[in-house]
Amino acid sequence: MQTLNDLFLIVASFFRGIMGSLGFPPLLTDAVMGLVSFVAVAALVTVNIIVILWVDRRVASFFQERLGPNRVGPFGLLQSVNDAAKLIGKESIMPAAADKRVYKLAPVIIFTVTMILYGFLPYGRGMSPVNMNAGLLFFIALSSTSTIAILMAGWGSNNKYSLLGGMRTVAQVISYEIPLAFSMLGVVMLSGSLNLGQISEAQRGIWFVFLQPLAFFIFLVSALAELARSPFDMTEAEQELIAGYHTEYTGMRFALFFMAEYANLFCVAALGATLFLGGWSGPILPGYIWFIGKTWFMVLVILWLRWTFPRARIDKMMKFNWKFLIPLSILNILLTGVGIKLYQYFTTVGR
Amino acid sequence: MRDGQDILKALGRGSAGPAGAGSADGDGPAGAARTAIAAARELAVRPSELVEVLASLKGLGDFVLIDIDAVDRPEGFDVAYRLLDRGGEGPAGIFTVKARADRSDPRLPSVMSIWKAADVMEREVWDLMGVVFEGRTGLKRILCKDDFEGHPLRKDYILVRTPRFPVREELRPAEGAEGGQR
Amino acid sequence: MRDSSIGSADGAAGSVTAVAAEARAADPALDALQTEEYTLNLGPQHPSTHGVYHAKLRLNGESIVGCENVIGYLHRGMEKLAESRTYAQFAPYTARFDYLAGVLNNWGYAMALEKLGGIAVPERAEYIRVIVAELQRIASHLVMLSSMVIDLNAVTGWMYAFTAREGILDLLEAVSGSRMNLNYIVAGGVTEDLPEEFEAKVKRTFEDLHARLDDFDRLVSGNEIFLGRTRGIGVIESGQALEYGMTGPNLRASGVDLDLRKDAPYGIYDKLDFDVPVLRGGDSFDRYHIRLLEIHESVRLVEEAMAGLPQGPVRTKLPKAWKPAAGEVFEQIESARGIQGYHIVSDGSAKPYRMHLRSPSFVNIGVLPELAPGLTIQDFVATLASLDIVLGEIDR
Amino acid sequence: MFGIGLVQGLYTTAKRFLMKKVTQAYPEVLPDLPPRSRGSFGFDADECISCGLCAEACPNGVIKVDYFLGEKNRRVLERYSMNLGYCLFCGLCVEACPKSAIFFKTDFDLACYRKDDTLFTWRGNGYRPSAAPESTPTAGAAAPPVARTAASEPGPAAATAAGAAPSAGKGA
């Protein structure tokens with residue numbers, strides 16, 4: 001079992017050995033191996049987007065008693081490839097009055113930010129491409145920069161509807177950063193480290209979702225608000241703001257926004273799985289299988305919420321956040337602190 | 001159209017002499033007015049006393065203005081104000097107040113001040129029929145585009161016919177024997 | 001401001017401008033804040049205007065300061081067309097007024113002609129008219145429920161209601177031949193008798209309808225987010241509704257009990273026992289909820305009419321070039337959206353001299369400019385959906 | 001209480017997730033429409049006596065009956081054309097036809113790429129001998145009836161426009 005678990009590590013050290021024997025300086029081998037892992041991450045992201053696009057459409061249609069895409073390829077599997085090709089083929093029109101540079105830069109930033117986030121996820125034991133001690137902190141910091149990209153898109157396309165969409169994003173994502181961060185504090189206190197790998201390691205015994213149910217709820221709600229999905233998709237509210245911040249985007253630029261949204265979905269689901277469902281720790285199956293399985297479970301839960309709930313009103317959502325969610329998350333931190341102290345007291349007394 | 005003398009009297013208008021001779025509105029015995037109204041279904045009114053009659057009818061309560069429409073007759077525009085009579089014990093019937101605007105310069109006082117519903121209705125009658133409603137703001141076209149000339153529902157407004165079958169014979173598809181070309 | 005979390009029903013209107021004004025009063029520095037109103041065109045091409053309705057909104061931030069209705073984009077000049085068609089030829093056009101309740105329009109037009117020409121309608125035809133009309137009302141209310149729900153982004157609820165409507169449309173197609181624009185109720189009765197084993201089809205359709213409606217109700221009506229979005233939003237008091245001449249479910253949701261099927265019974269509605277739901281709240285949720293209740297009433301009506309269906313002819317044939325005596329008639333009917341009135345003036349020829357339709361949506365929408373200030377764009381969309389307007393009927 | 005409605009909603013969608021789907025695979029599985037369904041039109045050239053009643057009954061002037069006078073001045077149908085682009089599918093023509101030559105069919109795929117394809121024409125089975133009068137008068141409204149002007153009282157003949165009798169006299 002052990003070999004299966006560290007399959008990728010073994011392969012990596014084997015290559016490192018070859019390069020070492022070929023007389024590559026160690027710096028070059030590290031660079032090459034780093035490059036390989038980044039290419040692997042990039043491949044993972046694109047494949048993921050294609051699969052999530054298909055899953056989203058199929059799951060949505062199954063909830064609505066329809067079959068969903070089943071014509072292009074077996075069970076419609078090639079539908080998302082078809083969509084991607086269509087979007088790439090489409091002409092990417094830019095409104096004349098748009099602020100050219102900002103308009104063009106927005107989709108680039110939002111997609112690169114999401115790609116970078118993938119680098120920090122602990123896919124398996126020792127298999128996170130960037131094993132950073134303050135991984136979680138970096139994750140939160142980076143994920144909030146996507147707000148700037150959305151505001152650039154909304155304001156840059158010089159359209160009142162997208163401006164509204166952009167403004168709503170700023171209000172919503174910024175204010176839901178706080179409960180998101182607070183809900184993670186509980187997990188950090190329990191695992192004692194910010195390194196995502198170690199957090200997963202610390203959940204070998206028991207998953208944190210059982211120790212921190214309140215934090216899991218807060219995390220889920222604020223993650224939905226971060227992703228701007230399901231009850232909180234005010235940023236691209238089709239029925240009110242035509243398509244929110246990406247109203248004026250077509251063709252490949254729209255594809256970038258579209259892909260960024262789905263990549264973000266997978267990324268936040270992966271974070272949730274790492275923090276609360278124990279990342280890659282699991283009994284018999286190898287680590288990465290557990291990681292992918294748990295992430296997909298989180299994705300399906302998010303989709304389930306997406307296709308069940310109507311959209312909340314933005315000012316009520318703000319009230320809900322500031323007056324209910326944040327106090328709740330602070331209370332959760334207090335409870336965790338007290339819990340840890342009690343736990344330490346009983347274990348030390350016993351010894 | 002029966003001349004609604006009794007109704008006018010019942011509404012405290014006194015004889016239908018020159019307008020304005022009526023006493024304070026609505027002081028006539030409401031009961032008498034209601035029975036008179038229940039009997040007659042229509043009331044022809046001169047444009048000048050239109051607003052007072054409708055105001056006093058509204059004063060009786062239970063009347064809702066549901067429609068204003070106009071008919072372009074050779075002798076003038078018959079504008080009918082249809083009120084739904086919700087109050088009486090019988091079924092909720094329609095009570096119509098008719099006023100005639102002459103063809104050359106169709107003018108009527110606006111009743112927008114009495115029922116807010118009259119705003120859009122009057123704008124429609126002005127737009128399609130061309131009857132001007134005075135004493136109100138915002139009388140502009142509601143259905144046709146703002147710079148549309150003429151009033152389409154008038155009898156002297158002729159529709160242009162659109163040909164149904166393509167004139168260019170050669171464009172016709174090859175005729176299949178049955179069920180048209182497939 | 002009372003703390004209202006996302007779920008709890010926010011009783012007070014809780015309009016956003018009030019909050020902004022209060023904040024401004026509390027902190028003088030805010031006054032220096034230079035804000036500027038801007039106009040936003042909601043429509044005529046917009047995902048949630050239910051047709052080509054155009055609202056010129058003046059906005060302060062995201063809350064509405066002023067609203068102006070702009071209609072007429074779907075004006076086809078039907079009343080002018082009527083003057084160059086014979087009475088029978090104009091009947092199919094009536095289904096194009098309120099195209100979601102086609103056969104109810106036919107019925108209004110047919111009743112006006114029958115009163116104009118003094119035509120008797122056989123007993124069986126009256127029963128069939130109630131059956132087909134109430135089926136059409138169910139289909140029309142289902143469209144209202146699903147389009148209101150999708151305007152608040154509950155896409156799954158939208159799908160359930162439309163799937164339920166498919167069954168009703170199949171019934172209408174079995175009876176009249178077409179799903180939407182029926183030309184089934186004509187002056188003198190109905191064009192054809194009911195197909196055989198129609199009763200079994202109706203029973204099956206209603207079972208499926210009840211199952212789907214219960215699921216739709218469970219999915220949406222109790223949902224706290226939906227309540228938060230519609231409870232207390234776009235409140236119309238009964239006085240305001242009467243002032244604007246509103247009729248139909250929108251009026252009954254504001255507490256005024258006015259339903260022509262009860263107050264001025266036509267056809268055989270006086271022989272059927274059903275009750276008319278009246279709600280007091282007058283907000284978007286009550287306008288949504290009252291249509292759900294009315295569907296159950298219509299189901300009851302159809303079942304009663306099917307049970308009491310007498311035998312006999314279904315139509316008194318009119319001569320082809322039917323020339324009614326010169327005269328004038330105004331006939332009104334309780335359509336799915338309110339009182340629909342047909343004013344027909346005949347001058348003795350085979351074509352109407354003047355045909356005017358009193359359209360309920362045309363008047364119901366007049367209340368929006370007074371209702372909109374204080375709402376946010378999201379509330380405006382919810383209120384517009386709850387008023388259930390049909391542009392075919394507004395623009396004629 | 002807070003959240004019950006949300007949980008009920010989740011339960012409902014989960015239940016519907018597992019139930020049978022309602023999608024019909026259209027081109028493979030054709031829907032079975034009821035017999036009265038008004039899909040498109042069928043025309044029986046033998047029955048048609050080219051009287052033009054259907055064209056007069058049509059509110060939108062969709063039908064054009066081209067005929068010529070055969071032997072004994074009897075009308076022989078040359079071509080029957082319907083511009084379905086303007087058709088309301090109201091069935092007044094089917095009702096008006098004394099011989100039920102025009103009838104509804106339940107096959108409904110009328111979609112086409114060119115506007116001219118909405119023009120359905122059926123060829124009458126009689127061939128016009130070259131000697132017959134050249135003008136093929138059209139019975140029925142080639143265009144929607146003209147709006148009556150206030151002044152002109154509608155004459156009995158022209159109940160609808162263009163009900164022109166065939167040029168060669170009143171005909172049989």
Side-chain angles (χ1 to χ4, degrees), chain A residues 56-57 59-66 68 159-168 171 176 221 224-225 228-244 247 303-328, chain C residues 1-10 14-16 19-20 38-42 45-49 57 59 61-63 147-160 162-164 212 215 219-220 223-230 233 375-382 384-385:
Chain A
D56 186 17
R57 292 177 65 152
V59 160
S61 49
F62 266 64
F63 275 128
Q64 296 162 3
E65 296 180 278
R66 353 179 232 108
N159 163 346
K160 285 179 184 149
Y161 285 112
S162 17
L163 176 66
L164 279 174
M167 288 306 166
R168 282 188 183 179
Y176 271 86
V221 170
L224 286 180
R229 285 195 70 86
S230 100
F232 308 118
D233 65 348
M234 273 67 97
T235 56
E236 32 113 4
E238 295 85 8
Q239 285 80 12
E240 295 129 24
L241 303 177
I242 318 287
T247 313
L303 289 186
W304 187 16
L305 297 175
R306 161 92 173 88
W307 295 108
T308 309
F309 294 142
R311 180 181 308 123
R313 201 173 83 177
I314 185 141
D315 58 316
K316 285 193 172 168
M317 208 190 81
M318 287 300 135
K319 237 179 268 174
F320 174 70
N321 174 41
W322 292 100
K323 293 184 178 170
F324 177 70
L325 218 52
I326 291 181
L328 198 67
Chain C
M1 275 310 290
R2 196 172 52 72
D3 157 38
S4 67
S5 77
I6 184 169
S8 81
D10 182 348
S15 74
V16 175
V19 170
Y38 63 102
T39 60
L40 180 76
N41 284 323
L42 198 90
Q45 168 65 26
H46 187 272
S48 63
T49 50
L57 300 176
L59 293 168
E62 204 169 307
S63 54
S147 62
M148 173 162 186
V149 155
I150 194 170
D151 276 3
L152 307 178
N153 200 24
V155 182
T156 316
W158 165 74
M159 202 61 204
Y160 292 165
F162 259 104
T163 318
R212 282 231 161 72
D215 271 358
L219 173 66
V220 175
N223 193 313
E224 277 76 6
I225 300 176
F226 182 77
L227 283 171
R229 275 296 298 278
T230 50
I233 305 290
L375 299 175
T376 66
I377 296 179
Q378 291 185 301
D379 295 338
F380 184 82
V381 164
L384 179 62

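Naming: A, B, ... by sequence-line order, numbering from 1 per chain.
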Undergrad: Is Leu325(A) close to chain C through its backbone or its side chain, or both, or neither, when contacts mean heavy atoms under 4.5 Å?
TA: neither
Undergrad: Using non-hydrogen atoms and a 4.5 Å limit, figure out which bit of Ser147(C) sits close to chain A: side chain, backbone, both or neither.
TA: neither
Undergrad: Does any backbone or side-chain atom of Val381(C) lie under 4.5 Å from a heavy atom of chain A? Answer side chain, backbone, both or neither.
TA: side chain
Undergrad: Donor-acceptor pair, Thr376(C) side chain versus Glu62(C) backbone, under 3.5 Å?
TA: no
Undergrad: I'd like to know if the side chain of Ser48(C) and the backbone of Gln239(A) have a donor-acceptor N/O pair within less than 3.5 Å.
TA: yes
Undergrad: Heavy-atom pairs under 4.5 Å with chain A: which of Thr163(C), Thr49(C), Leu152(C) has the most?
TA: Leu152(C)
Undergrad: Test your reading of the model: is there a side-chain donor-acceptor pair from Glu240(A) to the backbone of Ile377(C), 3.5 Å cut-off?
TA: no
Undergrad: Please state whether the side chain, the backbone, both or neither of Asp151(C) comes within less than 4.5 Å of a heavy atom of chain A.
TA: both
Undergrad: Do you know which two heavy atoms are closest between Ile242(A) and Pro47(C), and how far apart they sit?
TA: CD1-CD, 3.5 Å
Undergrad: Pick one of side chain, backbone, both or neither for Met167(A), based on which atoms fall under 4.5 Å of a heavy atom in chain C.
TA: neither
Undergrad: Checking heavy atoms, do the side chain of Asn321(A), its backbone, both or neither come under 4.5 Å from chain C?
TA: neither
Undergrad: Could you tell me which of Arg66(A), Lys160(A), Met318(A) has the largest number of non-hydrogen atom pairs under 4.5 Å with chain C?
TA: Lys160(A)
Undergrad: For chain A, which candidate among Tyr160(C), Phe380(C), Phe226(C) shows the most heavy-atom pairs at distances under 4.5 Å?
TA: Tyr160(C)
Undergrad: Show the nearest heavy-atom pair for residues Ile326(A) and Trp322(A), with the distance to one decimal.
TA: CD1-CE3, 3.5 Å
Undergrad: Using a 4.5 angstrom heavy-atom cutoff, name the option from Val149(C), Ile150(C), Leu59(C), Asn41(C) with the most pairs to chain A.
TA: Ile150(C)
Undergrad: Looking at Arg311(A) and Glu238(A), does any basic side-chain N land under 4.0 Å from a carboxylate oxygen?
TA: yes
Undergrad: Is a side-chain donor or acceptor of Arg306(A) paired with a backbone partner of Ala60(A) at a separation under 3.5 angstrom?
TA: no
Undergrad: Looking only at atom types and distance, does a side-chain atom of Tyr176(A) sit under 3.5 Å from a main-chain N or O of Ala171(A), one as donor and one as acceptor?
TA: no
Undergrad: Is Leu219(C) close to chain A through its backbone or its side chain, or both, or neither, when contacts mean heavy atoms under 4.5 Å?
TA: side chain
